[in-house]
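Chain A is the first sequence line, chain B the second, and so forth, proteins listed ahead of strands; every chain is numbered from 1.
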Number of protein chains: 2
Amino acid sequence: MSHHKVISLESIRIACRNCSLSSLCLPMGLAPDDVERLDEIVKRTRPLHRGDFLFRDGDRFRSLYVVKTGSVKTFAPSPEGGEQVLGFHLPGEVIGLDAIDKDIHACSAKVLETSAICELPFTRLEELTATIPSLQHQMFRLLSKEIGHDTDMLLLLGKKNAEERLAAFLLSLSKRLHKRGLSATDFYLSMSRHEIGNYLGLAVETVSRLFTRFQDDGLMNVDRKHIQLLDVGMLESLVGGAGQNRRQQQQS
Amino acid sequence: MSHHKVISLESIRIACRNCSLSSLCLPMGLAPDDVERLDEIVKRTRPLHRGDFLFRDGDRFRSLYVVKTGSVKTFAPSPEGGEQVLGFHLPGEVIGLDAIDKDIHACSAKVLETSAICELPFTRLEELTATIPSLQHQMFRLLSKEIGHDTDMLLLLGKKNAEERLAAFLLSLSKRLHKRGLSATDFYLSMSRHEIGNYLGLAVETVSRLFTRFQDDGLMNVDRKHIQLLDVGMLESLVGGAGQNRRQQQQS
DNA sequence: ACCGTCGCTTGATCTGGATCAAGCGAAGAT
DNA sequence: ATCTTCGCTTGATCCAGATCAAGCGACGGT
């Protein structure tokens, strides 16, 4: 599109080839030529700001979205008028996969902080996957990974107590940030306590109390949105559920 | 494989083309020629019996499995030694999608009653999807549908109370059985109360009490595994959560 | 600089559903 | 035919976390 020499204002539009996320994102493991072809269908919009929507539930499904910088939350309306936060999405993560089937978005995606987003028109993407087997495989893996993640969340919501849930949440965030070259132990939360609680199936008050408790126990420092994990090992053992000896789980 | 005229013992091995599930299963919407090609890679094993495993968590991922008749449950181990039931699978439903990414099964699949299962070696399936765009699309939809279903479960586990969960479970079962040509209001449960409770994040006792209550309220008849839904409309309104006026949900 | 709102914390109380406990009937084992 | 086990039900009690209530400090707007 831009055949000008002007690249200053185009700096936002980093090609996949030069994007630091290429190892986490769709291009992962693709041949350079194929990355190039993928790159051609990616739309890169101007940065979005806190509160902007990528799409709303009920919208026609047209594109997948990939977070380039910033963060996004997805949430589904519940029949009673409330909502369930389904996920917080970091750079390299793909959003909208659940809409391929019904062709209608069943959830909304809202930007949590100023973020750059790549848009992949799905019809064009499907044309590519049909001719690039490794990209097809990548898409299958991506979809499968999402299922695996949901499965983890089902286990979390179905079997874990408040303490285990929050510890798991913090560690998941920590790991994902670390993969993106950020500190695993010192980071800022882009979402509110309310959103964390909603995501984890807990009341805000419970989340707040647990932050306080974890801090008192020397597991972490909390200052507003600023988090420092002090004892990752202990947090991990909390998730394991060995915290207190809970009754042997039902074997159905 | 069988070029004999003997078809009696081969009757189990119904080709996709003749299978009554073709409209629900992978072949859905495929051209007859393509169904034929798909059919060639399907392995049809002898019937499995209650308690048999399709695969166990930790197993290498090789194939997807489709229920032809009977039912299957999938469940994941939790670190404490318990397990979380992830789903109950009816004819036409595909199992194992979560393992494509990691190449290792993270959950186990166990047959709940005598069942016929089709096995689809994934490598061969991927070769097909690469040459049959409509099959590729079908696979994307299938994976996406699974994500959508998981999303529904997250909402259920995160926001709904015991009553709403059980009502939702019964209605989901009812709808799915109906799609398969069975009665929507009169059916047998192939899973135990324990398994239902585990799936819904509830104790067995709670499930049992709710069955009793629903029966007392004239919503259904329960006799052991035999279920008759008497007031589907009321069950639906229970799921909506309008049962009692619960506090307006958090908007995060 | 001031104000109003909002997000967060902390304390007190309440409750849905878990846990504990006991018994019963059906299905499979010997 | 009898025993044993297992799945289910029902009652009593308990508790993690929700809900209710109150205050506080940060931040955006004017």
Requested in this report: Select one nucleotide: of D:dA18, C:dA18, C:dT19, the one nearest the side-chain heavy atoms of B:Leu202.
Outcome: C:dA18
Query - Touch class at under 4.0 angstrom, heavy-atom based, for B:Arg224 against every strand present - result: sugar-phosphate
Query raised in the report: Can you tell me how far P of D:dG25 sits from NE2 of A:His226, to the nearest Å?
Result: 21 Å
Report summary line: From the list A:Leu86, A:Val85, A:Leu90, side-chain contact (heavy atoms from CB on, under 4.5 Å) with A:Phe88 holds only for A:Val85
Report summary line: Separation of C:dG17 atom P from B:Lys160 atom NZ, nearest Å, is 13 Å
Query raised in the report: Which residue lies toward the 5' end of DNA chain D, A:Arg165 or B:Arg193, if each is placed at its nearest nucleotide?
Result: B:Arg193
Report summary line: Of the listed C:dC8, C:dT19, C:dG17, the closest approach to the B:Asn161 side chain comes from C:dG17
Query raised in the report: C:dC8, C:dT9, D:dT19: which one has an atom nearest the side-chain heavy atoms of A:Ser192?
Result: C:dC8
Query raised in the report: When you match A:Arg209 and A:Lys225 each to their closest nucleotide on DNA chain C, which lands nearer the 5' end?
Result: A:Lys225
Query - For atom CG of B:Asp223 and atom P of C:dA26, their distance in whole Å - result: 10 Å
Query raised in the report: Can you check the A:Glu205 CD to C:dG7 P distance for me, whole Å?
Result: 14 Å
Query raised in the report: CG of B:Asn198 versus P of C:dT19: gap in Å, rounded?
Result: 12 Å
Query - Main-chain N/O of B:Glu164 paired with B:Asn161 side-chain donor or acceptor, under 3.5 Å - result: yes
Report summary line: Taking D:dT19, C:dT19, D:dC8 as options, the one with an atom nearest any side-chain atom of B:Ser208 is D:dC8
Query raised in the report: Salt bridge or not for A:Glu163 and A:Arg213, using N-O below 4.0 Å?
Result: yes
Query raised in the report: In whole angstrom, what separates B:His194's NE2 from D:dG7's C1'?
Result: 10 Å
Requested in this report: Answer yes when B:Arg180 and B:Glu93 have at least one side-chain N-carboxylate O distance shorter than 4.0 Å, and no when they do not.
Outcome: yes
**Report entry** B:Thr206 side chain, from C-beta outward: closest of D:dC8, C:dA18, D:dA18
**Finding:** C:dA18
Report task. Would you mind reading off the distance between B:Glu195 atom CD and D:dC8 atom C1', rounded to a whole angstrom? Result -> 14 Å
Query raised in the report: Under 6.0 Å between ring centres, would you say that holds for B:Phe55 and B:Tyr65?
Result: yes
Requested in this report: Calculate the interatomic distance between A:Arg50 atom CZ and D:dG28 atom P; express it in whole Å.
Outcome: 10 Å
